[in-house]
Amino acid sequence: MHPAFGDDTPTHWECVHSSMGAAIAVACKDPAAAEGLFTLARNGCRTPAAVLRLRTEFTQHGVILPVTDTTPSQPENTQSPS
């Protein structure tokens, strides 16, 4: 690990925020991008309720998702790391 010279954390978070905004803007216009972004974000969802919350957040940001998404958020035998 490289030593840190100064604290660039705020700058890095600005980049993350900017990148997410750009990804959401593209997802609002491009169904394939919306599906890809949703798939990435859904990776952390462990329950059907979490997937529903994520869908709601996407809708609130103007991202339209297909209604027929029945892919489970995680395989049923997957366990969270301890």
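Counting begins at 1 with the first residue of the sequence.
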Closest non-hydrogen atom pair, Cys28 against Gly62: SG-O, 3.4 Å
d(Ile64 CD1, Asp30 CG) to nearest 0.5 Å is 13.0 Å
Heavy-atom distance under 4.5 Å between the side chains of Phe58 and Leu37, does that happen here? yes
Can you list everything that forms a side chain to side chain donor-acceptor pair (under 3.5 Å) with Ser18? Sequence neighbours excluded, please. none
Separation of Cys15 SG from Met20 CE (nearest 0.5 Å): 14.0 Å
Show the numbers, then the answer: is there a side chain to side chain contact (heavy atoms under 4.5 Å, CB included) between Asp8 and Trp13? CA-CA 9 Å; Asp8 290 335; Trp13 278 115; over 6 Å; no
What one should report as the nearest heavy-atom pair of Ala50 and Cys45 is O-SG, 3.7 Å
Can you tell me how far CD of Gln60 sits from CZ of Arg53, rounded to the nearest 0.5 angstrom? 12.5 Å
Please round to the nearest 0.5 Å and tell me the distance separating atom CG of Leu65 and atom CD of Glu35. 8.0 Å
Test of understanding: clusters of I, L, V, M, F, W, Y form through side-chain heavy atoms closer than 4.5 Å, transitively. Do Phe38 and Val26 belong to the same one? no
